[in-house]
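Quick note on labels: first sequence line is chain A, next is B, and so on, each numbered from 1. Only heavy atoms go into these numbers, but all of them, side chains included; no hydrogens, no water, no symmetry mates.
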Number of protein chains: 2
Amino acid sequence: MSLIPIRPGAQPGAGPAAGPAAESERRDAARNRELLLCAAREIVGESGADALTMDLLARRAGVGKGTVFRRFGSRAGLMMALLSGAEAEFQSRFMFGPPPIGPGAPALDRLVAVGAARVSWILEFGELARAADASAHNRFDVPAAVLWHRHLEMLLREAGVTADPWLMASALAATLEPELLLHAVGVHGIDPERLAESWRELVTRVVAGA
Amino acid sequence: MSLIPIRPGAQPGAGPAAGPAAESERRDAARNRELLLCAAREIVGESGADALTMDLLARRAGVGKGTVFRRFGSRAGLMMALLSGAEAEFQSRFMFGPPPIGPGAPALDRLVAVGAARVSWILEFGELARAADASAHNRFDVPAAVLWHRHLEMLLREAGVTADPWLMASALAATLEPELLLHAVGVHGIDPERLAESWRELVTRVVAGA
DNA sequence: TAGCTAAACGGACTGCGGTCCGTTTGTATT
DNA sequence: AATACAAACGGACCGCAGTCCGTTTAGCTA
């Protein structure tokens, strides 16, 4: 017989800051996660992402500050949790959605479409995304960023770009970073349509040189 | 006679965080600036930019913390002051230096050369540059960034790129951001030579489509 | 040289993200 | 129902960037 009792659904590797609920979560923990996400959405809705401090959130949700960090690991982790729904929806659109953004269209068309979609997405959720990126040691290695990068790289290869698709994908991704786009729109008053059009130009030329 | 005495060299508009010495600076202020810059370089040299805290710096330089912020405005401002020499040297190279990076060479050659130079520059000073960018509300509007952007835009126009050169310059500049390049080299072990080569590919294709 | 004033000074203070650790609680086991 | 323990809890605590304001001083003027 085993002398080391193991909790049935225990998943130690999952760690905090993971998505919705790491399989088996104690009832109070799950309740607090919902309480916190709810309060966080409330604060962001009322006063914007910048106004969301971890202390305020804890107070609003009626839990201790330690609990907030236990659930989400960091402020960036919390922001990512708030974004996870919108992010997943975006991902499934470009991976499984209808053409031209999803599979079935020529790679260049998909690149153009996914860029335009990304611009709109950032205009809607960019504030949270920027908050998630800020103070993120590893903003490039987070699952969503890796998936996004891989997708761009795959499309580039499919479009016949043989010259270092990995770095090309990095370069193109940098072009669509939330901070950059929000700055262009918010500070310089660039029309979002222009952003999409510029992306089209850029990606068309990159692919055309192949 | 004027009832409002004005200090001779007073330049109220200069503000803090400006370059070397805003014209007429009180002797003690100038001394403390040197003391602080010197101590800062020492700390960075010993332990890296991340180890430089404003409290430590104040203690090392033997001045009050308030003085540090009076001189440099913020941590980012201090980092920019530390960088200003290297930055100015880089700027004068691409603006007045010998071809192909300076004037005299075809625009595409200049773009290729300036990108390669930027990569090397970031490998040398990127840690400071990243620290300066971090926690900078306005990293895109700082003089050096504006000049850099304008220069890229000018070269693009000269190379015949008529499609939104302003946004194209933004996109290309994003490709060479310190955080991105340092991540590629430091985390993914990308050979710097590959970065320059990839830049060459990118900019060649962008210009070729004109 | 004495006096005056704007500028510089310094360090206590605030607010924030993040950590630590003693206490409480959910849940499986008997 | 009683027991046991891993997990969750909470809030005091820490380090840091940045601010405030009463005090000191450089340097002009008389």
What is the separation between atom NE2 on A:His137 and atom C1' on C:dG18, rounded to the nearest whole Å?
12 Å

Expressed as a whole number of angstroms, how long is the span from A:Phe72:CZ to C:dG17:P?
15 Å

Determine whether any donor atom in the side chain of A:Arg26 lies under 3.5 Å from an acceptor atom in the base of D:dA8, or the reverse, and answer yes or no.
no

Quick one, give me the B/S/- string for nucleotides 14-21 of chain D, reading 5' to 3', where B means a protein heavy atom under 4.0 Å from the base and S means that only happens at the primed atoms, P, OP1 or OP2.
--SBBB--

Can you tell which of C:dT27, D:dC9, C:dC9 lies closest to the side chain of A:Asp28?
D:dC9

Taken to the nearest 0.5 Å, the spacing of B:Glu153 CD from B:Arg150 CZ works out to 8.0 Å

Heavy-atom pair of closest approach, residues A:Pro178 and A:Arg130
CB-N, 4.3 Å

Grab the two heavy atoms, one from A:Ala145 and one from A:Phe140, that are nearest each other, plus how far apart they are.
CB-O, 3.8 Å

Checking salt bridge (charged side-chain N to carboxylate O under 4.0 Å, His left out) for the pair B:Glu197/B:Arg194: CA distance, chi angles, key distance, verdict?
CA-CA 5 Å; B:Glu197 173 59 19; B:Arg194 254 178 87 188; over 6 Å; no

So how far is it from B:Leu195 CG to B:Ile122 CD1, rounded to the nearest 0.5 Å?
9.0 Å

When rounded to whole Å, the CZ to C1' distance for the pair B:Arg27 and D:dG27 reads 9 Å

Below 30° counts as parallel, above 60° as perpendicular, anything between as tilted: where do the rings of A:Phe90 and A:Trp121 land?
tilted

Side-chain N or O of A:Thr67 versus OP1/OP2 of D:dG10: is the shortest distance under 4.0 Å?
yes

Can B:Arg118 be said to sit on top of B:Trp148's aromatic six-ring, NZ or CZ under 6.0 Å from centre and within 45° of the ring axis?
yes

Comparing B:Asn32 with A:Arg31, nearest DNA chain C nucleotide closer to 5' gives the residue B:Asn32

d(CG, A:Leu57; C1', D:dG11) in whole Å:
15 Å

Measure CZ/A:Arg71 against P/C:dG18 and give the value in whole Å, please.
17 Å

Side chain of A:Val63 - closest among D:dG10, C:dT27, D:dG27:
D:dG10

Tell me the interatomic distance from A:Leu78, atom CG, to C:dG18, atom C1', rounded to whole angstroms.
14 Å

